[in-house]
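Structure first, commentary second.
In what follows, every chain begins at residue 1, and chains take the letters A, B, ... in the order their sequences are listed.
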Amino acid sequence: MFELLKTDGAARLGRMTTKDGVIETPVFMNVGTVAAIKGAVSSRDLAALKCQVELCNTYHLHLRPGDEIVARRGGLRPFMGWEGPVLTDSGGFQVFSLAKLRDITEEGVTFASHIDGRRIFMGPEESMRIQGNLGSTIAMAFDECVENPAPREYIGMSADRTLRWAARCKAAVTQGQLLFGINQGGTYSDIRIENAKRLVDIGFDGYAVGGLAVGEEVPVMYGILEDVLPHLPKDAPRYLMGVGTPGNILEAVARGVDFFDCVMPARNARHGHINTWSGILNINNAKYGEDDSPLDPMCDCPTCRGYSRAYLRHLKKAEEMLYMRLAVMHNLYFYNTLMERIRGMIEVGEYGRLCEKLLPVLDRRI
RNA sequence: GGGGAGAUUCCCGAGCGGCCAAAGGGGGCAGACUGUAAAUCUGUUGCAUCAUUGCUACGAUGGUUCGAAUCCAUCUCUCCCCA
């Protein structure tokens with residue numbers, strides 16, 4: 001299962017062994033919500049991008065193509081041609097992102113499908129059944145992700161309900177699937193801590209911190225991590241959901257997080273923001289029109305090995321889909337390489353030095 | 001040769017006496033994006049100025065008017081129809 005190999009301060013080097021493959025942590029999971037990385041990047045490409053885990057979404061795949069269709073193809077992994085581990089998000093984030101299209105009760109959430117408006121009910125049992133059909137390596141508990149800031153009494157009520165849902169998820173999870181519980185509690189540390197303790201009492205294969213990076217200030221997020229992580233078992237992986245920028249990841253690893261996922265590298269790439277080891281480059285900018293250097297001279301991803309900024313900018317301006325593919329591949333490679341460097345530096349006990357070097361640089365605009 | 005239509009800001013295109021530096025697109029420039037309803041969204045786009053404001057602009061020139069992109073005259077150029 002999960003082995004903690006080494007620590008460097010609060011930063012952890014770990015290894016999670018699953019039936020679908022080994023995950024070296026800290027890890028960044030590459031987001032393919034509908035069983036596809038947006039930007040025409042295939043599961044085959046992912047291996048060349050040092051991806052370890054692909055993340056897919058329960059809600060989206062339940063709507064289309066339908067989880068039973070996926071189940072009949074043997075699950076997500078054979079369906080999308082990815083041989084490594086898959087984590088499925090439970091649909092809890094859609095309780096937040098589709099807030100205008102849903103209604104919550106103790107039993108679960110009724111969504112108006114964003115595709116055709118038809119009513120979809122999803123509660124803990126439904127989410128577990130769907131994730132079982134999807135055949136993911138790791139299933140996530142069905143939770144309510146609440147925007148920040150939110151009134152204390154709502155957060156308290158919601159976190160309690162999410163906890164009851166977590167217990168129902170544990171009872172309903174498909175045999176052979178790993179299940180991570182999700183800590184909630186908004187920006188209120190006492191609610192978070194109490195919630196974390198009770199989550200640990202139920203017992204999960206891993207623990208996620210959810211409901212962060214949804215409106216609160218970044219230092220508040222770091223504070224919550226400092227308060228909550230010490231209450232989670234050391235021998236279980238911790239997953240900070242939906243985070244974040246390279247700087248966010250460095251800071252969170254320094255506080256003891258092992259798993260990450262985020263749409264940023266793919267979405268930002270599609271929109272022109274390119275991660276480099278000197279900061280964020282916006283390929284839309286006119287100054288790159290005749291720049292013959294690669295996106296990042298320090299990068300050896302397939303994009304940087306073959307194409308110039310001038311060409312990428314042209315493809316972007318011409319709205320050629322090749323732009324997206326090349327840019328998304330670069331950013332994912334960057335994130336996965338960042339995680340590799342993080343692991344390497346924890347291993348040699350120099351994680352602090354890596355942070356000193358990279359933190360002032362990676363999230364800055366160039 | 002005869003008859004008709006038109007020339008607007010980088011482009012297309014609306015406006016047809018004052019509320020016009022002039023709608024709306026496009027393009028350009030810039031910004032946002034954190035468990036993806038996102039190949040999306042926002043701002044900006046004559047010059048000068050912090051701003052008030054000033055200057056230059058609706059093919060050209062002249063005119064009518066307190067006031068013209070809008071009305072009149074002439075000119076230049078485009079397009080369509082008939083011979």
Side-chain angles (χ1 to χ4, degrees), chain A residues 28-41 53-61 63-64 87-102 111-117 120 127 131 136 138-148 162 180-184 206 208-218 221 239-249 251-252 257 259-273 275 280 282-289 313 315-328 331 335 363 365:
Chain A
F28 179 80
M29 300 184 284
N30 294 207
V31 180
T33 301
V34 300
I37 308 278
K38 290 188 194 299
V41 176
V53 185
E54 186 164 353
L55 182 151
C56 300
N57 187 280
T58 301
Y59 165 84
H60 293 267
L61 291 167
L63 291 190
R64 190 166 57 192
L87 180 143
T88 40
D89 186 28
S90 61
F93 186 71
Q94 279 61 48
V95 180
F96 159 80
S97 67
L98 303 180
K100 278 171 287 209
L101 298 177
R102 52 72 170 163
F111 293 94
S113 158
H114 71 275
I115 296 169
D116 60 9
I120 306 292
S127 182
Q131 293 186 70
S136 52
I138 302 171
M140 296 303 300
F142 186 67
D143 67 331
E144 179 188 2
C145 179
V146 184
E147 67 171 347
N148 290 323
T162 286
F180 283 16
I182 304 177
N183 171 251
Q184 290 290 352
V209 180
L212 289 179
V214 285
E216 81 285 359
E217 298 291 313
V218 170
M221 172 169 82
Y239 166 23
L240 176 56
M241 305 186 77
V243 173
T245 67
N248 294 157
I249 290 173
E251 294 280 12
V257 175
F259 279 62
F260 297 88
D261 81 281
C262 192
V263 304
M264 284 185 110
R267 182 184 290 163
N268 283 350
R270 275 181 273 129
H271 297 172
H273 282 215
N275 293 102
I280 298 165
N282 184 347
I283 199 65
N284 291 299
N285 292 170
K287 60 184 171 184
Y288 300 118
R313 176 172 144 88
L315 293 179
K316 174 74 167 64
K317 290 291 175 183
E319 298 180 59
E320 281 298 325
M321 60 180 126
L322 178 58
Y323 164 75
M324 287 202 213
R325 174 170 163 78
L326 294 176
V328 170
N331 271 5
Y335 266 68
D363 288 357
R365 299 290 308 275

Measure from CD1 on A/Ile120 to C1' on B/rA37 and round the result to the nearest Å.
14 Å

B/rC33 and B/rC41: how far apart are their C1' atoms, nearest whole angstrom?
9 Å

For B/rG1, give the paired nucleotide (Watson-Crick: N1-N3 plus N6-O4 or O6-N4; G-U: N1-O2 and O6-N3; both under 3.5 Å), or none.
B/rC82

Look at the side chain of A/Asn248 and the backbone N and O of A/Val243, then say whether any donor-acceptor pair between them is shorter than 3.5 Å.
no

Looking only at atom P, what distance separates B/rU70 and B/rG62, rounded to whole Å?
14 Å

Considering only the C1' atoms, how many Å lie between B/rC80 and B/rC72, rounded to the nearest integer?
26 Å

Any donor-acceptor pair under 3.5 Å linking the side chain of A/Thr88 with the backbone of A/Thr58?
no

Let me see the working for A/Phe260 and A/Tyr335 under ring pair (Phe, Tyr, Trp, His ring centres under 6.0 Å), right down to the final yes or no.
CA-CA 10 Å; A/Phe260 297 88; A/Tyr335 266 68; 9.5 Å; no

Write down the distance separating the C1' atoms in B/rG54 and B/rG4, rounded off to the nearest Å.
44 Å

Assess the pair A/His114 and A/Tyr59: is the distance between their ring centroids shorter than 6.0 Å?
yes

Taking pairing as Watson-Crick or G-U wobble with both contacts under 3.5 Å, can you name the mate of B/rA37, or confirm there isn't one?
none

Looking at A/Ser136, is its backbone amide N or carbonyl O close enough to the side chain of A/Gln131 to form a donor-acceptor pair, meaning the two atoms are under 3.5 Å apart?
no

Give me the distance, rounded to whole Å, that separates B/rC10 from B/rA22 when you measure between the P atoms they each carry.
14 Å

Please answer whether the main-chain N or O of A/Ala269 pairs with a side-chain N or O of A/Tyr323 as donor and acceptor at a distance below 3.5 Å.
yes

What's the CG-P distance between A/Asn284 and B/rU40, to the nearest Å?
12 Å

For each nucleotide in nucleotides 31-36 of chain B, reading 5' to 3', give B when a protein heavy atom comes within less than 4.0 Å of its base, S when such contact involves only the sugar-phosphate, and - otherwise.
SBBBBB

Between B/rG59 and B/rC12, how far apart are the two P atoms, rounded to whole Å?
13 Å

May I ask you to decide if A/Gly211's main-chain N or O and A/Asn148's side chain share a donor-acceptor pair within less than 3.5 Å?
yes

Check the distance between B/rA38's P and A/Leu101's CG and give it to me in whole angstrom.
12 Å

According to the Watson-Crick and G-U wobble definitions, with both distances under 3.5 Å, which nucleotide is paired to B/rA60?
B/rU74

Do side-chain atoms of A/Asn331 reach the backbone of A/Arg270 as a donor and acceptor pair under 3.5 angstrom?
no

With the side chain counted from C-beta on, respond yes when A/Tyr239 and A/Met140 share a heavy-atom pair under 4.5 Å apart, and no when they do not.
yes

Answer with base, sugar-phosphate or nothing: what part of the nucleic acid does A/Lys287 contact at a heavy-atom distance below 4.0 Å?
nothing

A/Asn30 side chain vs A/Phe28 backbone, donor-acceptor pair below 3.5 Å:
yes

Paired nucleotide for B/rU42 [Watson-Crick or G-U wobble; both distances under 3.5 Å]
B/rA30

For nucleotides 25-27 of chain B, which of its nitrogen or oxygen atoms have a protein nitrogen or oxygen under 3.5 Å away, and what is each distance?
none

Can you check the distance between B/rU34 and B/rA39, where both ends of the measurement are the P atom (answer in whole Å)?
13 Å

Measure all distances between protein nitrogen or oxygen atoms and nitrogen or oxygen atoms of nucleotides 41-46 of chain B, and list the pairs falling under 3.5 Å.
none

What distance, rounded to whole Å, do you find between the two P atoms, one in B/rC58 and one in B/rU53?
23 Å

Exam field: side chain A/Glu319 to backbone A/Lys317, donor-acceptor pair closer than 3.5 Å:
no

Taking A/Asp143 for its side chain and A/Gly181 for its backbone only, find out whether a donor-acceptor pair lies under 3.5 Å.
no

